[in-house]
Number of protein chains: 2
Amino acid sequence: MTSASGATQAADDSAETGTQQIRDAIRDAIVERRLSPGTKLSESDVGNLFNVSRTLARAALQALSYEGLVSVEKNRGAFVAYPSPEEARQIFAARRLVEPGILREAAARITPADIRHLKQLLLEEGRLIGERGQTARRAEIKASGDFHLALAVISGNAIMQRFMDELVARSSLAIALYGQSTVSSCGHSEHGDIVTAIENKDLDEACRLMLHHITHIEADLDLRQRKDLGLKEALKR
Amino acid sequence: MTSASGATQAADDSAETGTQQIRDAIRDAIVERRLSPGTKLSESDVGNLFNVSRTLARAALQALSYEGLVSVEKNRGAFVAYPSPEEARQIFAARRLVEPGILREAAARITPADIRHLKQLLLEEGRLIGERGQTARRAEIKASGDFHLALAVISGNAIMQRFMDELVARSSLAIALYGQSTVSSCGHSEHGDIVTAIENKDLDEACRLMLHHITHIEADLDLRQRKDLGLKEALKR
DNA sequence: AAGCAAAAAATCGTATACAATCTAGGCGTC
DNA sequence: GACGCCTAGATTGTATACGATTTTTTGCTT
């Protein structure tokens with residue numbers, strides 16, 4: 001619920017109602033991996049699906065392209081983004097670069113209520129890992145990201161929060177493409193350790209754990225360049 | 001020249017020619033402060049100005065709103081963004097958070113050619129400070145940002161590069177609104193010091209200087225809340 | 001049957017049209 | 001003269017229309 005529409009607004013008064021809704025729906029579908037990288041998103045289809053004109057569908061796709069979740073190719077249309085191994089590396093490099101800083105700012109402003117909230121998220125995440133079925137798996141993916149997003153919220157910096165929204169969403173894409181282990185459930189305990197370190201006011205340790213955690217996620221990816229990638233057209237549909 | 005259109009593309013194949021052009025033109029105008037915060041940007045006006053339909057004008061404005069440079073209010077239109085003091089603080093907080101990291105990555109990959117390029121930028125910047133006239137002033141503003149952007153380019157991370165583009169542009173808005181000293185020319189020597197520290201492989205010192213530099217820029221702003229800000233309508237046009 | 005060329009269909013790029021909403025000015029009342 | 005209401009104009013929100021580009025299909029040739 002925290003992340004249902006928790007992306008771009010902040011103080012966003014814009015919210016072209018229709019567009020916003022479509023954008024969030026598609027974003028969620030991408031992040032939860034109901035839409036695979038490379039899937040074509042035709043403007044007409046999206047429009048029909050939401051009972052809205054191509055104009056709005058196009059606007060939504062355009063918006064998603066600014067977040068790096070879909071790539072639009074001139075005269076060819078929009079596709080769910082298909083990050084290259086290099087792009088994937090950059091996504092995680094960016095996270096290593098900003099998340100320790102966010103963590104520090106968050107720790108400086110954190111309240112007992114925030115800590116309770118974080119633990120709540122952890123509990124929820126743990127519960128989902130226990131369950132089985134696709135629905136639970138998808139919820140787990142989202143929950144895993146929500147932890148990092150929650151820290152950004154606590155940090156109180158709306159700009160960093162939006163940036164993290166983008167990074168977490170794009171991470172999900174990279175994992176969908178290059179992830180090896182079935183799920184990144186491995187990372188759950190690491191989230192808990194980070195909270196503990198924050199509670200103990202051991203920021204250096206918390207940051208160390210955070211960096212380790214991100215590296216751990218990335219290590220589960222197989223980012224070796226696929227050689228036959230020249231005919232990327234084949235992948236696009 | 002490095003920054004002429006040096007913002008959003010990277011591997012951007014999209015480039016709806018018309019929209020892209022309009023967006024860059026308006027962005028430049030905002031960054032160079034030819035457009036003041038709060039200025040109304042009507043879709044028809046923008047369209048006419050670029051001999052293009054409202055459709056494309058709207059798309060360009062929408063794009064700029066994703067970068068935080070214009071704010072669009074439902075049923076009211078688009079305005080050059082008018083960042084609140086709090087927003088301004090967050091912009092600089094974000095820069096303090098990411099720029100040391102970018103600097104470290106850049107330093108790790110920097111080549112002699114890159115260093116020559118940085119010094120070239122410094123020279124150009126120094127030259128502009130010497131000149132007088134509005135044109136020179138505007139060029140100076142842009143040059144000052146270009147230094148930070150160049151570091152992001154050298155870091156080789158396209159995602160951080162795009163983020164820095166946004167932060168530098170928004171900084172320019174904050175300075176335009178709250179800046180006190182005529183120009184931030186004060187910061188020029190600091191840029192030089194940073195390059196020197198990089199050359200000396202003294203990364204800790206370089207980061208220290210960078211943080212100091214950003215704080216210095218922010219310190220020149222008067223971010224006291226204006227009390228009569230309730231009737232923000234008055235400020236909007 | 002495979003390959004290629006041209007035509008047909010689908011899809012995108014952009015402009016225009018119409019409805020909904022907001023803004024401004026005028027008029028009347030108090 | 002000030003306040004409120006109402007109409008006229010301007011501006012945005014969304015849909016539709018049409019030309020351009022790409023993709024697919026068809027049908028012919030080898």
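Computed from heavy atoms alone, side chains included, the values below leave out hydrogens, waters and symmetry copies. Just so we're clear, the structure is a prediction, and the values are computed from it rather than from any experiment. In what follows, chains are A, B, ... by sequence order, proteins preceding strands, each numbered from 1.
- Identified under the ring-ring contact (aromatic ring centres under 6.0 Å, His included) test for residues 155-177 of chain B, with sequence neighbours left out: A:Phe163-B:Phe163.
- The distance between atom CG of A:Asn75 and atom C1' of C:dC12, rounded to the nearest whole Å, is 6 Å.
- Taking B:Ser171 as the reference, B:Arg95 meet the side chain to side chain donor-acceptor pair (under 3.5 Å) condition, with sequence neighbours excluded.
- Distance A:Glu73 CD to C:dT11 P: 16 Å, rounded to the nearest Å.
- Less than 4.0 Å separates DNA chain D from at least one heavy atom of each of the following residues of residues 45-55 of chain A: A:Val52, A:Ser53, A:Arg54, A:Thr55.
- Atom pair B:Phe79:CZ and D:dT11:P shows a separation of 12 Å (rounding to whole Å applied).
- Between the CG atom of A:Leu61 and the P atom of C:dT11 there is a distance of 14 Å, rounded to whole Å.
- The only member of A:Leu149, A:Ile110, A:Thr111 that meets side chain to side chain contact (heavy atoms under 4.5 Å, CB included) when paired with A:Ile154 is A:Ile110.
- For B:Val52, the side-chain contact (heavy atoms from CB on, under 4.5 Å) partners are B:Ile22, B:Phe50, B:Leu56, not counting sequence neighbours.
- One interatomic measurement links the two molecules: CZ of B:Arg58 to C1' of C:dT16, which rounds to 15 Å at whole-angstrom precision.
- Atom NZ in B:Lys74 sits roughly 13 Å away from atom C1' in C:dC22 (whole-Å rounding).
- Under the rule for a side-chain contact (heavy atoms from CB on, under 4.5 Å), the partners of B:Ala93 that lie at least two apart in sequence or sit in another chain are A:Glu105, A:Asn157, B:Arg96.
- Within the 4.5 Å cutoff, side-chain heavy atoms of A:Leu118 are placed close to those of A:Leu151.
- Not counting sequence neighbours, the partners of B:Glu43 by the side-chain contact (heavy atoms from CB on, under 4.5 Å) test are B:Arg54, B:Arg58, B:Leu61.
- Proximity of B:Lys40 to the phosphate of D:dA10: no side-chain N or O atom is located under 4.0 Å from OP1 or OP2.
- Taking only side-chain atoms of A:Arg76, from C-beta outward, the nucleotide of D:dT23, C:dC22, C:dG13 with the closest atom is D:dT23.
- A straight line from CG of A:Leu56 to C1' of D:dA15 spans 8 Å, rounded to a whole angstrom.
- Distance, A:Leu41 CG to C:dA10 P: 19 Å, rounded to whole Å.
- Side-chain proximity of B:Glu43 to the nucleotides D:dT14, D:dT12, C:dT11 is greatest for D:dT12.
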